Trainee: 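Dropping a structure here in structure tokens format, bear with me for questions.
Proteins get letters first, then strands, A, B, ... in listed order; numbering begins at 1 in each. These numbers were taken from a predicted model, which means no experiment stands behind them.
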Amino acid sequence: MKKMIDLQATLACGQVFHWTDRVDGSWEGVVDDRLAVVREGGGRLVVVEGDAEFLGDYFALDDDLDEIYGGFPGDPTMLAALDFCRGLRIIRQPTWECLATFITSSMKQVAHIRQMSFALRARFGLAVRGTEWRTYPTAGSLAAASEDELRACGLGYRAKNLRATAQRVASGEVDLEAWRDLDDTALREALCTLPGVGRKVANCAMLFGYGRLGAFPVDTWIARIMRKNYWRGRAKPTPLALERRLAKRFGPHAGYAQQYLFHHARMAQRRAAA
DNA sequence: CGCCAGGGTCTCG
DNA sequence: CGAGACCATGGC
């Protein structure tokens with residue numbers, strides 16, 4: 001049971017945006033410049049194409065889910081989310097890709113973030129040999145693009161921010177890899193100096209791109225859930241207040257709990273709308 | 001058509 | 001510190 005995974009939940013929960021499910025039930029994507037095809041077998045990861053060890057790390061198979069679940073709060077909302085998402089893993093994304101996609105995510109639905117991600121790959125990525133895929137564009141290639149070219153990928157006002165951050169990274173002024181040595185607070189502070197990166201995007205980059213499982217992104221969905229189920233008081237709390245008071249209560253794997261609540265809430269609404 | 005979407009930034013009190 | 005305006009674009 002230790003390495004169980006729910007691929008559907010893991011790849012469709014809004015933490016990563018380019019994976020595609022195929023008719024045979026497997027999932028296809030690229031990590032860096034490598035093609036990967038995976039499927040589920042007996043609740044475990046089966047690598048159809050790609051390096052098993054590399055993908056085992058990408059899918060964080062060494063995260064001990066039972067231990068993580070043991071730290072979740074035991075209220076009905078959390079238990080329902082756990083029941084729905086069991087096997088969802090927080091994957092370890094390439095840092096730049098993760099940061100860049102979440103810069104483009106502000107005030108966008110998950111489906112459109114995916115669309116922008118594919119448009120950027122198509123326009124600025126490199127071909128992945130023998131496939132239809134393209135890599136996620138490097139900071140250098142986005143830094144060299146014009147704002148209009150980025151807007152043509154559907155970015156809207158986010159184009160300027162993505163370009164500006166890409167320029168800081170490409171110039172070497174910012175070293176995202178060196179930032180791995182920073183503690184959580186210093187890393188969050190450093191990320192927030194980048195154009196288009198505020199508290200929420202920084203927490204997403206920390207959680208999905210730096211393996212900081214205590215990071216607790218508060219978006220509109222999480223804020224709604226928190227206010228409804230975890231906040232006793234008349235005044236409407238700000239996202240920052242919610243994060244500060246609840247991230248600690250949710251423990252060292254708060255980010256895991258957050259993603260389970262997020263995915264469960266979104267899927268519940270989709271079912272209700274259908 | 002109006003509303004909302006995995007928000008950030010700037011301004012003003 | 002908190003509240004509001006503004007920013008583009010697409011789905012429903």
Trainee: Can you list every ring-ring contact (aromatic ring centres under 6.0 Å, His included) pair that touches residues 129-152 of chain A, not counting sequence neighbours?
Mentor: His18(A)-Trp133(A), Phe118(A)-Trp133(A)

Trainee: With Glu147(A), which residues qualify under salt bridge (Lys or Arg N to Asp or Glu O under 4.0 Å), at least two apart?
Mentor: Arg151(A)

Trainee: Using whole Å, report how far CZ of Arg224(A) lies from C1' of dA5(B).
Mentor: 9 Å

Trainee: In the hydrophobic clustering that connects Ile, Leu, Val, Met, Phe, Trp and Tyr at side-chain heavy-atom distances below 4.5 Å, which members other than Tyr157(A) occupy its cluster, ordered by chain and number?
Mentor: Met107(A)

Trainee: Assess whether side-chain hydrogen bond (donor to acceptor under 3.5 Å, both in side chains) is satisfied between Arg114(A) and Thr20(A), documenting all intermediate values.
Mentor: CA-CA 10 Å; Arg114(A) 175 182 173 89; Thr20(A) 303; 3.1 Å; yes

Trainee: Go through the steps for Thr138(A) and Ser141(A) under the test side-chain hydrogen bond (donor to acceptor under 3.5 Å, both in side chains), then give the verdict.
Mentor: CA-CA 5 Å; Thr138(A) 62; Ser141(A) 61; 3.2 Å; yes

Trainee: Mind telling me whether Tyr260(A) and Phe72(A) have parallel, tilted or perpendicular rings, with 30° and 60° as the class edges?
Mentor: perpendicular

Trainee: In residues 97-106 of chain A, what residues come within less than 4.0 Å of DNA chain B, judged by heavy atoms?
Mentor: Phe102(A), Ser105(A), Ser106(A)

Trainee: What is the distance from CD of Gln15(A) to P of dG6(B), rounded to the nearest Å?
Mentor: 15 Å

Trainee: Taking salt bridge (Lys or Arg N to Asp or Glu O under 4.0 Å) as the test, write out the residues that go with Glu28(A), two or more places apart.
Mentor: Arg22(A)

Trainee: Pull out every residue in residues 240-264 of chain A that has a heavy atom closer than 4.0 Å to any atom of DNA chain B, ordered by number, or say none.
Mentor: Gln258(A), Gln259(A), Phe262(A)

Trainee: Write down the distance between CZ (Arg266(A)) and C1' (dG6(B)), rounded to a whole number of angstrom.
Mentor: 8 Å

Trainee: Below 3.5 Å is the cut-off: list the nitrogen or oxygen pairs between protein and nucleotides 9-12 of chain C, distance only.
Mentor:
residue	atom	partner	partner atom	Å
dT9(C)	O2	Lys108(A)	NZ	2.5
dG11(C)	O4'	Gln109(A)	NE2	3.4

Trainee: So what does Arg114(A) touch, heavy atoms closer than 4.0 Å: a base, only the sugar-phosphate, or nothing?
Mentor: nothing

Trainee: Does Arg245(A) count as lying over the ring of Trp231(A), i.e. NZ or CZ under 6.0 Å from the six-ring centre, within 45 degrees of the axis?
Mentor: yes

Trainee: For a 4.5 angstrom cut-off between non-hydrogen side-chain atoms, does Leu242(A) reach Tyr230(A)?
Mentor: no

Trainee: Using 30° and 60° as the class limits, which term best fits the ring planes of His263(A) and Phe84(A): parallel, tilted or perpendicular?
Mentor: tilted

Trainee: All N/O contacts under 3.5 Å from nucleotides 1-3 of chain B to the protein, with atom names and distances to one decimal?
Mentor:
none

Trainee: Considering only the P atoms, how many Å lie between dC6(C) and dG6(B), rounded to the nearest integer?
Mentor: 24 Å

Trainee: What pairs of nitrogen or oxygen atoms, one from the protein and one from nucleotides 9-13 of chain B, lie under 3.5 Å apart?
Mentor:
residue	atom	partner	partner atom	Å
dT9(B)	OP1	Gly196(A)	N	3.2

Trainee: Enumerate donor-acceptor pairs with a distance under 3.5 Å from any side-chain N or O in residues 195-215 of chain A to protein atoms, sequence neighbours excluded.
Mentor:
residue	atom	partner	partner atom	Å
Arg199(A)	NE	Glu243(A)	OE1	2.8
Arg199(A)	NE	Glu243(A)	OE2	3.2
Arg199(A)	NH2	Glu243(A)	OE2	2.8
Asn203(A)	OD1	Arg188(A)	NE	2.9
Asn203(A)	OD1	Arg188(A)	NH2	3.1
Asn203(A)	ND2	Arg199(A)	O	3.1
Asn203(A)	ND2	Glu243(A)	OE1	3.2
Asn203(A)	ND2	Glu243(A)	OE2	3.3
Tyr210(A)	OH	Leu176(A)	O	2.7
Arg212(A)	NH1	Leu182(A)	O	3.1
Arg212(A)	NH1	Asp184(A)	OD1	2.7
Arg212(A)	NH2	Arg180(A)	O	3.0
Arg212(A)	NH2	Leu182(A)	O	2.9

Trainee: Through direct or indirect side-chain contacts below 4.5 angstrom among Ile, Leu, Val, Met, Phe, Trp and Tyr, which residues connect to Leu240(A)?
Mentor: none

Trainee: Closer than 3.5 angstrom, by distance alone: can the side chain of Asp24(A) be matched with the main-chain N or O of Ser26(A) as a donor-acceptor pair?
Mentor: yes

Trainee: How many Å lie between CZ on Phe17(A) and P on dA5(B), as a whole number?
Mentor: 15 Å

Trainee: Just how far, in rounded Å, is C1' of dC7(C) from CD of Glu147(A)?
Mentor: 12 Å

Trainee: What is the distance, to the nearest angstrom, from the NZ atom on Lys200(A) to the C1' atom on dG6(B)?
Mentor: 3 Å

Trainee: Could you give the side-chain donor-acceptor pairs of residues 217-228 of chain A under 3.5 Å, partners two or more places apart or in another chain?
Mentor:
residue	atom	partner	partner atom	Å
Asp219(A)	OD1	Trp221(A)	N	3.4
Asp219(A)	OD1	Ile222(A)	N	2.9

Trainee: Provide, to the nearest angstrom, the distance between the CG atom belonging to Leu162(A) and the C1' atom belonging to dC7(C).
Mentor: 16 Å

Trainee: In this structure, how many angstroms lie between the C1' atom of dA5(B) and the CD atom of Gln269(A), rounded?
Mentor: 11 Å

Trainee: Using the rule given for side-chain hydrogen bond (donor to acceptor under 3.5 Å, both in side chains), can you reason through Ser146(A) versus Asp148(A), listing the C-alpha separation, both sets of side-chain angles and the distance that settles it, and then say yes or no?
Mentor: CA-CA 5 Å; Ser146(A) 71; Asp148(A) 283 343; 5.5 Å; no

Trainee: When you check the gap from the basic side-chain N to the acidic O, do Arg86(A) and Asp6(A) get nearer than 4.0 Å?
Mentor: no

